[in-house]
Structures are given as C-alpha cells and as structure tokens.
Amino acid sequence: MTQSPPPFDPELAAALELIKDVISPGLTMDEIAEVRQGAGIQMLAELDLTMDGYFEVEDRAVPGPVGAPEISLLICRPAAPVDAGPRPVIYHVHGGGMIIGNNRVGVDAPLAWAKELDAVVVSVEYRLAPEHPHPAPIEDVYAGLEWTAAHAGEFGGDAGRVVVAGASAGGGLSAALALLARDRKGPELIGQMLMCPMLDDRNDSPSTYQMAGLGVWDRTANETGWTALLGVRWVRSAGGGVPGVSGGACGVVAAVVGAVSDGAGVPLRVRVVGGRSRSSPRPF
C-alpha cells in the first residue's frame, strides 16, 4: 500500500497555503488552550450573523442536562414575517475536534442554506473535552435539541421539520444525536447533514498515514481529539476501535452516544472528496 498522499484539489491547496502559518495540522494536548485563544476563534465575534439584516439573532441560555450547567443556543430566524406557516429548523452542531470552538464555528454554512430555504438556524454550544469528556458533549447537544423542539413556536420554527447538521466533530455528534433521539424516543428528526463527520477513533485508515502533517487536522490531531473525549476509556482492542462495540465507524458512534449497544447493521456510504475518504451513516 502506498503512503504517498493524493494531491489536494487546487482550490483547497490555495486556501491551505493562506492559513498554513495560522493553523498547524498536528495539534497536541498541550496546545489546546493556545488554539482556543487563537485568531481564528477571536474572529468569530466579528461575523455578521444577520447576513445584512436578513436574520434576527438571539443568544439564549436554556437548561442543560440534569445536574449540568445551562447551555447556550444561537438562534437565527428570518426577520421577515412568517407568511406560510412555521419555518423548518436547521439544528447546527459546531466542529472543532471535540476540543475547541463555540456555536458560531461553521454557522455561516447553515445560515446560507437557511437564507435560501427560509429556515431558522439553531446552533448549540456544548462543553468541550478534555475538561468535559464523554458524555458531556452529546448530552448538551441532546438537551439543546429537546429545548428546540419544545419551544420551536417561540421563534417561528416547526418542531416537525428539524434537520440536524454538523461538520467534523459536529458531524459525529449529529450522527450520535440522531441515534440517541431515536433510542430515547425524543424529538424526531427528518434528516441529517453530516460533513466530514468525526466518527472513527481507530485512526488507522490509509488516509490517516498519507495525510500526516498535512492540511488542518491530521493523525496527531485526531488522536488528540479522541483521547480528550474518551480519556481512559479510549483503550484500543487488538483490532482497533473501542472494545465491546462492533460495527467499525458506526460502532464508535454507538460508543460515543453511550446508548446504542451495537452499531452493526447501519448502512454506510463512503465517498472520497478532495483526497480523503469519509464514512457516514445514511440519513434516516
């Protein structure tokens, strides 16, 4: 098996060249605090979340999981009056490798969709590892979804038309959220948008070696994120993955959720995009 990395798409390569001195791909545990205070995170405060006045923006603190602190929801709803009934809701879970970020990270993408589709965006902020390992992040995300479904009418949303979306860590948590909501018989989701989802802790695919030291998130950073999230429970079995959980990548989602005994049988689609392969459960 060759370990030579495939080339990046020219547009991606140009973007990576611009940020190579700002973002290092090989994030380690002792660098987490510094990255959280980096220029990229600080710039989020300058985003025009209204998109030139299209959205009304609100930060709301809502109850977290039982015995846990409140969580912050960023609610962006079209400023124009509702003229065709309640609007669909995009429930957004931010990325950041489980260790960095807030509810403004990556929200520009769902805001663009919502502007086109006349939808509401609710972006949830969750506690971060390693200070708050599993199950804190997914429980915060679930609590935010429960509140969103129960109070959708307050911001013109339709509780019966909620789609969950997230990239990277947000994609993994979105997949976990869908399974958790199903198994707890919680709010029903009508779909998932999982973008480069963080699903598999095994860190042993060909691309993890091919892309070491390249891009913005490599094998070292991936191990940092999973170790921070799962801590002492992150003990590899002989074949990799989380012991006692079958089903490969989906089995890891099951372990992160902590509520599904076996991820086997969940159909997978594998797509190669920009030189990297990603596996994700099909929306259900």
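Position 1 is the first residue of the sequence, and the numbers go up from there. Keep in mind that the numbers below use all heavy atoms, side chains included, and drop hydrogens, waters and symmetry copies.
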Between the CZ atom in R202 and the CG atom in N222, the distance rounded to the nearest 0.5 Å is 11.5 Å

message: How about CG on D52, more than 12 heavy atoms from neighbouring residues, nucleotides or ligands closer than 6.0 Å, or not?
response: no

So do the side chains of L189 and R182 get within less than 4.5 Å of each other, counting heavy atoms only? no

Residues 155-167 vs salt bridge (Lys or Arg N to Asp or Glu O under 4.0 Å), sequence neighbours excluded, gives D158-R161

(message) Do F8 and M211 make a side-chain contact, defined as non-hydrogen atoms from C-beta onward lying under 4.5 Å apart?
(response) yes

Self-check item: Check against side-chain contact (heavy atoms from CB on, under 4.5 Å), L173 and M198
Solution: CA-CA 8 Å; L173 289 169; M198 187 174 171; over 6 Å; no

How about L145 and V164: do any of their side-chain heavy atoms sit closer than 4.5 Å? no

Applying side chain to side chain donor-acceptor pair (under 3.5 Å) to Q37 and not counting sequence neighbours gives none

For L199 and A175 the tightest heavy-atom approach is CD2-CB, 4.1 Å

Those residues at least two apart in sequence (or on a different chain) that pass side chain to side chain donor-acceptor pair (under 3.5 Å) with Y209 are R219

For residues 107-122, the side-chain hydrogen bond (donor to acceptor under 3.5 Å, both in side chains) pairs (sequence neighbours left out) are R87-D118

Q | Check: P5 and L214 side chains under 4.5 Å, non-hydrogen atoms | A | yes

Contacts of T148 meeting side-chain contact (heavy atoms from CB on, under 4.5 Å) (sequence neighbours excluded), chain-then-number -> L73, V89, Y91, V122, F155

Taken in chain and number order and not counting sequence neighbours, the residues that satisfy salt bridge (Lys or Arg N to Asp or Glu O under 4.0 Å) with E188 are none

In terms of heavy-atom contacts, P86 and G157 come closest through CB-O, 3.6 Å

Taking every heavy atom of I90 against every heavy atom of A165, the minimum-distance pair comes out as CG2-CB, 4.1 Å

Applied to residues 60-76, the side-chain hydrogen bond (donor to acceptor under 3.5 Å, both in side chains) test, sequence neighbours excluded, yields E58-R60, R60-E154, S72-N103

Smallest heavy-atom separation, A114 atom then F55 atom, equals CB-CZ, 3.8 Å

If we only count heavy atoms from C-beta on, is the T224 to I32 side-chain gap below 4.5 Å?
yes

Distance col, row Q210:CD vs S4:OG, nearest 0.5 angstrom, shows 7.5 Å

So, do P65 and R127 sit near enough that their side-chain heavy atoms are less than 4.5 Å apart?
-> yes

Donor-acceptor contact below 3.5 Å, side chain E34 vs main chain E31 = no

On a heavy-atom basis, the closest approach of G166 and H92 is CA-CD2, 4.5 Å

* Side chain to side chain, C76 and L111, heavy atoms closer than 4.5 Å -> yes

Separation between OG1 (T220) and CG (N203), nearest 0.5 Å, reads 8.0 Å

Sequence neighbours excluded, the answer for side chain to side chain donor-acceptor pair (under 3.5 Å) partners of T50 is D48

Rounded to the nearest 0.5 Å, the CG atom of L27 sits from the CD1 atom of I100 at a distance of 6.5 Å

Distance col, row L179:CG vs S174:OG, nearest 0.5 angstrom, shows 11.0 Å

Residues at least two apart in sequence or cross-chain that pass side chain to side chain donor-acceptor pair (under 3.5 Å) with E131, listed by chain then number, are R36

Between A143 and G64, the two heavy atoms sitting closest are CB-C, 3.8 Å

Across all chains, not counting sequence neighbours, the side-chain contact (heavy atoms from CB on, under 4.5 Å) partners of N102 are I41, L44, R104, V105, E125

The side-chain contact (heavy atoms from CB on, under 4.5 Å) partners of A228 (sequence neighbours excluded) come to M29, I99, A129, P130

ring-ring contact (aromatic ring centres under 6.0 Å, His included) filter on Y126, not counting sequence neighbours, yields H94

One should read off an interatomic distance between T28 OG1 and E223 CD, to the nearest 0.5 angstrom, of 11.0 Å

